[in-house]
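Read the structure below first, then the notes.
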Number of protein chains: 2
Amino acid sequence: MGVRMKDIARDLGVSVITISKVLRNHPDVGDETRGRVLARVKELGYRPNLAARSLVTGRTYLVGLVVPDLLHPFFAEIAKSLSAALRKHGYYLIVSSSEEDPDLEEQEINQLLERGLDTLIIASCRSTVDLFFRIEKQNTPYVLIDRALPGLSTNFVGIDDEAVGMVATRHLIDIGCKRIAHIRGPETSPGIRRMEGYKRALAQGGLKIIEDYIIAEPKGDVETRQRGAEAMRQLLSLKTRPDGIFCFNDPLAMGAMNYALDQGLRIPEDIAVIGCGNLHYDDALSVPLSSVNQHSRRIGEEAARIALAIINSKIPPKIESVILQPELVARRSTQRHSAKQATSRARARG
Amino acid sequence: MGVRMKDIARDLGVSVITISKVLRNHPDVGDETRGRVLARVKELGYRPNLAARSLVTGRTYLVGLVVPDLLHPFFAEIAKSLSAALRKHGYYLIVSSSEEDPDLEEQEINQLLERGLDTLIIASCRSTVDLFFRIEKQNTPYVLIDRALPGLSTNFVGIDDEAVGMVATRHLIDIGCKRIAHIRGPETSPGIRRMEGYKRALAQGGLKIIEDYIIAEPKGDVETRQRGAEAMRQLLSLKTRPDGIFCFNDPLAMGAMNYALDQGLRIPEDIAVIGCGNLHYDDALSVPLSSVNQHSRRIGEEAARIALAIINSKIPPKIESVILQPELVARRSTQRHSAKQATSRARARG
DNA sequence: TAGCTTAACGGTATCGTTAACTCTATCGAA
DNA sequence: TTCGATAGAGTTAACGATACCGTTAAGCTA
C-alpha cells in the first residue's frame, strides 16, 4: 500500500532497524542519520503500520469503553473527554452501549476483548462479579467507572454517591421541606448509595425515614421520564403527600415534575424537586431543575490517566480509586422562598 | 498470550492452515475435521489475533467517525446506530469530535488516517474540498453524512434539508402565520438549504420574503441556546414583529422561546416556534416544541451499509447518495388553532 | 599496544495469520 | 486400465514492524 520502512531504508542506504530506532526515539542513532531519516519520512509521508507494530509489541493502541447508554449526556460526555485524553497519547477509543442489559453488556465486552484492547473501561450494569474475574483471566486490565461493584477491588473512578444523596436531601431540608421523598434508580451501586445518603441526611436533619416515601424505579419498557411520572403518581396518591422529592437522576425528575404540574400542583411551592446529573437542558425546563453535578468530564480524564498508567507500566501498578465530590446546582425547582419569579413562564404554560 | 492457531493445530494433529480455513468458512475442509476444530476452538476459548490478520489482509476492521459535536443528540444517535450496525459485521467504530472547528477537524482526520481505517465517515464542518482530495489520495474510502460539500461527488447520507425548511415553514403557514421569520444555522449545506426551503415555502404560500426576518446565527463563544435568545431579541426589536419562527435547530428554538417567554409573550398565541431535530427532551420544555425529525438512526444505518459495501467490494462500487425525507412533529409551540381548523386549511391548500 | 568502554548501526528471528499454491488420495467415466 | 476431476489436506512465503543480540569502529585508560 503505502510507503514502508524498507523503502526509506533502501532510499537512504541504511538498514530498516535504523529507521525503526529513529521513529521510536531510540538513543542508538547518530544525529546526522536521525536527521536524514526524519526528513525522508516526512517527505514520503510515511505512516507506521500499526497492525505490524501491534503484532510484535502485543499492544493494540485501542481502549474500549462500555456504558449503559451512549445517548445519556452523562456517559456521552465521559466518552468525549476520555476519547480526547487518550488521543493525546496516541490511543484510540472504541465505544459500546449495553442498554442497561447485563446480557448485552457481557456480549459487548466479549466482542471488545476479541478485538484486542490494551484496557477496558466499564460502567457496568451488572450486579455480579463473575464476568470481571473472567476478564482478569484474559489479562486485559480494566477500570470501572461510575458504578462500583461490591466485592471487587479494582481501579475505580466515580462520584461519591452517598454524598450525592446527602447534598441533595440536605438542600431540600435547608429550604424547609419536612416530608422528603426519594425516587430511586436502578439497583446498582449509585442507586443504592444515593438512597443511603438520602436516609443519612434525613437522620442528620432530624426527620423520620418513611418507607412509603421511597419509591422504587417503576419497571416497564418505557422512557425514563415516564417512569418518573409514574413514581410521582404513586407519591401523590399517598394520604399525606411529600413536599420535597430527591430523584435519582434528571430524566426521572423531569417526568415527576411534569406529572405534578399537570395535576395542578406548583413547583416549588407545593413540592420542591431536585434531580442529579445537571443535564445541559435542565435550566430550559418548564421549571428550571435543581440538580447535582456529576463531573462527567473529570471522570473521563481520570479514567484515561489510570488506563495509560496501567498500559505504560511493566508491572501492574497499585490499584487506584478516584472518588469525586458532587456539587449542588440550585435552580427554581427548589427555590422555596421567593415566589416572585414564578410568574411569566407559569402563565405561558397555561 | 492467549491460545493461538498453532496450539489448536498441534493439539488436533492437523496443520495451522486447516484451522484458519475452518475459521474463515473456507470450503476446503471436511465436515468431521471442521467439527473437531470448532469444538476445540470453543473449548480453549481461542480468539483470533486481529493484528496478525490485519497485517496480511491489509484491513484494520476499524471505521472512523468524525462529527462536529458528539454531545449533540443528533450525532450521538448516529454514532450509536452506526456502531451497532458495524459491530454486527465484525467492525468497530472510533469516534472523534471536531467541535465545529475546521482546523481541529483536519487534525482529527489526519490522526485517524494514521491509525489506519477501512473507511472514514464524516460530518464535515469544512466548506472547502481540498482536504477530501487528500484523503482520496491516501486510498481511504469515505462517506459524508449530514453535510454535503459543493463540488464533491461522493457517497453521502443525509436528510433533504430543503424539504426540512419547506415542511417546517409550510406548517407555520398552515396554522395561520403571516409573518414568518427564520433563525439560521451555520453556513454549511444544511444551513443554506434549509433557508432555501424556507424561502421556497414562503413563495409557494404567497408570502413575501422579508430580509429582516432572516437572522444569521449570532456569533460568539456561547451556547447555542444563548445564540437563539440573542436572535429572538433581534427579531422582537423589529417594528412589526414576526408571528412565526422556523429555527435551524432545537437548541436555537429553545433559546428563542425562552427569551420570548421571559419578555411576556405567549407561545404559540403571539409567536409560534418550530425547530428541527426532534430532540428527546422537546416535549418536556416549558412549551413543548414542534420540530422536524431528522432520522438520525437511519442515517447511521445507511452509512454503515455503504461503508461495508465499499469495504467488501474489490472494485470501488458506484457512488451512492441516500437522501431521507423529513417528518413533521407538531407540538404545542405551533398549536395555533383548533386541530380542525388546521386540517381544513391543509386540505384547502391541496 | 592490549584491553576496555561506548556509540552507532545491522542481522536474524519472530509475532499470528492468510493467500496462493501444491500434493495426495479417491472415485467415476472413458 | 487410465485419466482427470475433485475433495481435503499441507507447504511455503509473505505481511511490516520490533526485540534481542551481535558487530564494528572510535576513543580512552594503563
Side-chain angles (χ1 to χ4, degrees), chain A residues 1-38 40-41 44-62 90 113-118 138-139 311-312 314, chain B residues 1-38 40-41 44-62 90 114-118 139 311-312 314:
Chain A
M1 294 258 175
V3 37
R4 297 150 303 171
M5 282 197 185
K6 203 198 293 183
D7 303 322
I8 301 178
R10 191 172 355 93
D11 221 49
L12 255 46
V14 297
S15 78
V16 178
I17 297 85
T18 306
I19 315 291
S20 173
K21 283 176 180 166
V22 169
L23 293 171
R24 284 177 295 133
N25 280 320
H26 195 101
D28 277 6
V29 182
D31 286 346
E32 192 255 336
T33 312
R34 162 165 279 128
R36 288 199 304 150
V37 169
L38 287 177
R40 202 49 134 242
V41 158
L44 298 181
Y46 167 80
R47 297 185 185 293
N49 180 320
L50 289 192
R53 183 180 283 175
S54 283
L55 187 55
V56 59
T57 60
R59 291 188 191 176
T60 61
Y61 305 92
L62 289 174
L113 288 178
E114 184 159 353
R115 181 64 177 84
L117 299 170
D118 291 347
Q138 296 236 0
N139 262 331
I311 293 169
N312 292 324
K314 304 259 174 185
Chain B
M1 300 246 173
V3 38
R4 296 150 304 172
M5 283 197 188
K6 203 199 291 184
D7 304 322
I8 300 178
R10 191 172 356 94
D11 220 50
L12 257 47
V14 298
S15 78
V16 175
I17 316 310
T18 305
I19 315 293
S20 174
K21 284 175 179 166
V22 169
L23 293 171
R24 285 176 294 136
N25 279 320
H26 195 101
D28 277 5
V29 181
D31 287 345
E32 193 253 336
T33 312
R34 163 166 278 127
R36 285 198 306 150
V37 170
L38 288 177
R40 201 51 134 239
V41 159
L44 297 181
Y46 166 81
R47 297 184 184 293
N49 180 321
L50 288 192
R53 182 180 285 176
S54 283
L55 187 57
V56 57
T57 60
R59 292 187 190 176
T60 60
Y61 305 93
L62 289 173
E114 186 159 349
R115 181 63 178 85
L117 299 171
D118 291 346
N139 262 331
I311 293 169
N312 292 325
K314 303 259 174 185

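A, B, ... follow the sequence lines: proteins, then strands. Residue 1 opens every chain.
In this structure, A:Ser20 reaches the D:dT18 phosphate: one of its side-chain N or O atoms is under 4.0 Å from OP1 or OP2. Between B:Tyr46 and the phosphate of C:dT17, there is a side-chain N or O to OP1/OP2 separation shorter than 4.0 Å. Applying the 4.0 Å criterion to OP1 and OP2 of C:dT17, one finds that B:Arg24 has every side-chain N and O outside that range. In this structure, B:Thr18 reaches the D:dG10 phosphate: one of its side-chain N or O atoms is under 4.0 Å from OP1 or OP2.
As rounded to whole Å, 12 Å separates atom C1' of D:dC21 from atom CG of A:Asp28. Distance A:Arg59 CZ to D:dA19 P: 9 Å, rounded to the nearest Å. The distance between atom CZ of B:Arg4 and atom P of C:dC15, rounded to the nearest whole Å, is 7 Å. Across the protein-nucleic acid pair, A:His26 atom NE2 and D:dC21 atom P stand 13 Å apart, rounded to whole Å. If you take CD1 of A:Ile17 and P of D:dT18, they are 10 Å apart, rounded to a whole angstrom. Atom CZ of A:Arg115 is separated from atom C1' of C:dT17 by 14 Å (rounded to the nearest Å).
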Apply side-chain contact (heavy atoms from CB on, under 4.5 Å) to residues A:Tyr46 and A:Asp7 and explain how you reach the verdict.
CA-CA 10 Å; A:Tyr46 167 80; A:Asp7 303 322; over 6 Å; no

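Nucleic acid contact for B:Asn49: sugar-phosphate only, since backbone atoms but no base atoms lie under 4.0 Å from a heavy atom of the residue.
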Represent DNA chain C in dot-bracket notation, 5' to 3'. Only Watson-Crick or G-U wobble pairs with both distances under 3.5 Å count; pseudoknot-style crossings use [ ] and interstrand partners use |.
||||||||||||||||||||||||||||||

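DNA chain D lies under 4.0 Å from at least one heavy atom of each of the following residues of residues 29-38 of chain B: B:Val29, B:Gly30, B:Thr33.
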